[in-house]
Amino acid sequence: VSKRLTPVNKIDQSEPYRFLLSTVHGIQDNYNQQNAISLKEILSVEHGQLIRSAQFNYMFDIEFLLEQYPLEFRLKPLLIVHGDSRHDNQSIKNQCSPYPQIEICPARLDIPFGTHHTKMMFLLYETGLRIVIHTANLILQDWRQKTQGIWISPICPKTNDDRESKTNFKKDLLEYIERYRARQLQFWQKTINEHDFSSINVHLISSTPGRHTGPDLNKFGHLKLRQTLKNYLNLDKDEQYNSSPIIGQFSSIGSLGPNANSWLTKEFLTSLKQLSSSSLESPELKLIYPTVENVRTSLEGYMAGGSLPYNMQNAMRQTWLVNYLHRWKADHRHRSQASPHIKTYLRATNDQFKDILWFLVTSANLSKAAWGVLEKNNTQLMIRSYEIGVLYTPKQFSKATFSLPDSPSFPIPYDLPPVKYQTSDKPWIVDVAYKDKPDSHGNMWDPS
Ligand SMILES: O=C(O)c1ccc([N+](=O)[O-])cc1C(=O)O
C-alpha cells in the first residue's frame, strides 16, 4: 500500500482551481475542510521556510495580522501596502511603529473617492514565490464568520529565464505593480521577474486609478475583462451562448445612474457578455446582494451589515436596481448565514446553471470607481480605485466549459440558480435603522 510521503495540505487538495473560501467559526467542521482555509493555515510553516512577505489591503489590524504568522516568521521583513490618505497613514504608522521589520508603502490615490481595495499577499519562501489574491481585510472580523474568496497560487520556483504563464499573468502583475510607482515595491518587481509563473492557469483582472487611454485602454477594469473574454473564451460555435445568463455578486454598490442603461447594461454588461465573437443580444444579468433578512439572520447578526456599506443616498436614487437583485443563499457550502464579503462574477451556459463559461473572484464591487467608466466618446476609461482579481476560463483547464456535476467540479461559493428577491425582500442599506425585528444575537441596528 503506497503511503503518502507528504501529507496533502488544503491548498494542494484544492487543485486544479486553487479557489478556497475562508473558514467559518461556528459551522460544522467538515464544511471548513473542503476548499476552505484560515489566514493562519495560509501562512502556516507547512508551506516552507518564509523569507519575507508583502500584504496589500484596505483595512489592517497589525497585531491581529502578526498573530496569524507562525511564531518563527513574525520577525521576517513585512511590507504593508495601503491606501494613501492622511487618516490611514497615521493609523498605519502608529500600528507599525513598534515593529522595525515592517515597512510601509502608501498607494497613491490621485483621483478623489478612490480606495486601495486590492487584497493580495506575496509570500517568498526558500523554495519560491506564492501569490494570494483574496477578498478579506486583515482584521479578525473579516476572517471569522463571513464568506470570503481566496485564490492561492502554486509556489513558483526561482528561474534564470523569464518563464511566463499561458495567461500572461506575470506581465499583467508587473504592469499592475508598476502603476504604484513606489520604490518599496522594486524588490518585489525584481522577485516576480525571477520566478517561473508557467504553472499559473488564471488570468489577472485588475484596476488602478487613472484615465486609461490609447495603449492602456484595455489594461485595467471592465475593458480588461472584455478583452480577456474576447481573446481567451474561444468556444466553438459560441453564438449558442449569446443569451446565456450572467451573475454579479458583491458586498457593496456604488452610484450607477438614473437607470440601468446609464452604465450597468450599456457599459458594464457589454464587457461581461463578451464572447470570442460579439453579439447584439442582451443576456439576463442576475445580481446577488444580501437582503435585510440575510443580514438579520446571519451568524454575525446586524453587525454583518457594517461590512455591506451600500448607503441610502445611492439606494434611493436607483430603486430600479432592485429588479436585478437576488438573495444570498449558499446552503450547499453551509454558508447561507456567513455574510458574503466575497465578490464574484460568472457566466453560465444556460439558465439551468449546470455549466459555467467563466468565473471571476475579485475585490471589485459593483461600482464605476472599481470597474471604470468610459469618457471622451469611449476613448478613455476612468478608474478611481485599486482592485485585483483572477479569472478562470475553461480552455486553461483543457475544458469546453466548467461542468458543475463534474468531479472535481468548480467550487462555486453560492447556490445556483440564484433566488430572486421576493416582494417583501429589501436590499441591506447600512445607514438605515432596523428596529422592528431583533437579529440572531437579539440586537437591533440603529446607526444614528
Ligand atoms: O472591505 C473593503 O475593502 C471595502 C471598503 C470600502 C467599501 N466601500 O467604500 O464601499 C467596500 C468594501 C468592501 O469590500 O465591501
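All values reported here derive from a predicted model rather than from experimental measurement. All ligand and atom numbering here is 1-based and tracks the order in the structure. Numbers here simply count residues along the sequence, with the first being 1.
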**OP:** Identify, by atom number and element, the atoms of ligand 1 in contact range of P309, meaning under 4.0 Å from any of its heavy atoms.
**Re:** 7 (C), 8 (N), 10 (O), 11 (C)
Original post:
For ligand 1, is N365 a contact, meaning one of its heavy atoms is under 4.0 Å away?
Top reply: yes
Subject >> Closest to atom 10 (O) of ligand 1 among G306, S252, S251, G254 (heavy-atom distance) >> reply: S252
**OP:** Considering heavy atoms of the protein only, find what lies nearest to atom 5 (C) of ligand 1 and give residue, atom and distance to 0.1 Å.
**Re:** Y58 CE2, 3.3 Å
Subject >> Which residue and heavy atom of the protein sit nearest atom 14 (O) of ligand 1, plus the separation >> reply: K343 NZ, 2.7 Å
Original post:
Between N32 and T23, do the side chains contain an N or O donor and an N or O acceptor separated by less than 3.5 Å?
Top reply: no
Original post:
So which heavy atom in the protein is nearest atom 2 (C) of ligand 1, and how far is it from that ligand atom?
Top reply: H117 NE2, 3.3 Å
Original post:
Can you find an N or O of D142 that's nearer than 3.5 Å to an N or O of ligand 1?
Top reply: no
Original post:
Are a donor atom and an acceptor atom from the side chains of N365 and S251 found within less than 3.5 Å of each other?
Top reply: yes
Original post:
At the 4.0 Å heavy-atom cut-off, does K119 count as touching ligand 1?
Top reply: yes
**OP:** Could you tell me whether S363 and ligand 1 have an N or O pair separated by under 3.5 Å?
**Re:** no
Subject >> Flag for Q148-H134: side-chain donor and acceptor within less than 3.5 Å >> reply: no
Original post:
Regarding H203 and T393, is there a side-chain donor-to-acceptor distance under 3.5 Å anywhere?
Top reply: yes
**OP:** Salt-bridge test for E175 and K171: reply yes if a basic N is under 4.0 Å from a carboxylate O, no otherwise.
**Re:** no
Original post:
Is it the case that Y414 and T344 place a side-chain donor and acceptor less than 3.5 Å from each other?
Top reply: yes
Original post:
What atoms of ligand 1 come closer than 4.0 angstrom to any heavy atom of N137?
Top reply: 1 (O), 2 (C), 3 (O)
**OP:** Name all pairs fulfilling the salt bridge (charged side-chain N to carboxylate O under 4.0 Å, His left out) condition that reach into residues 55-82, sequence neighbours left out, sorted by first residue then second.
**Re:** none
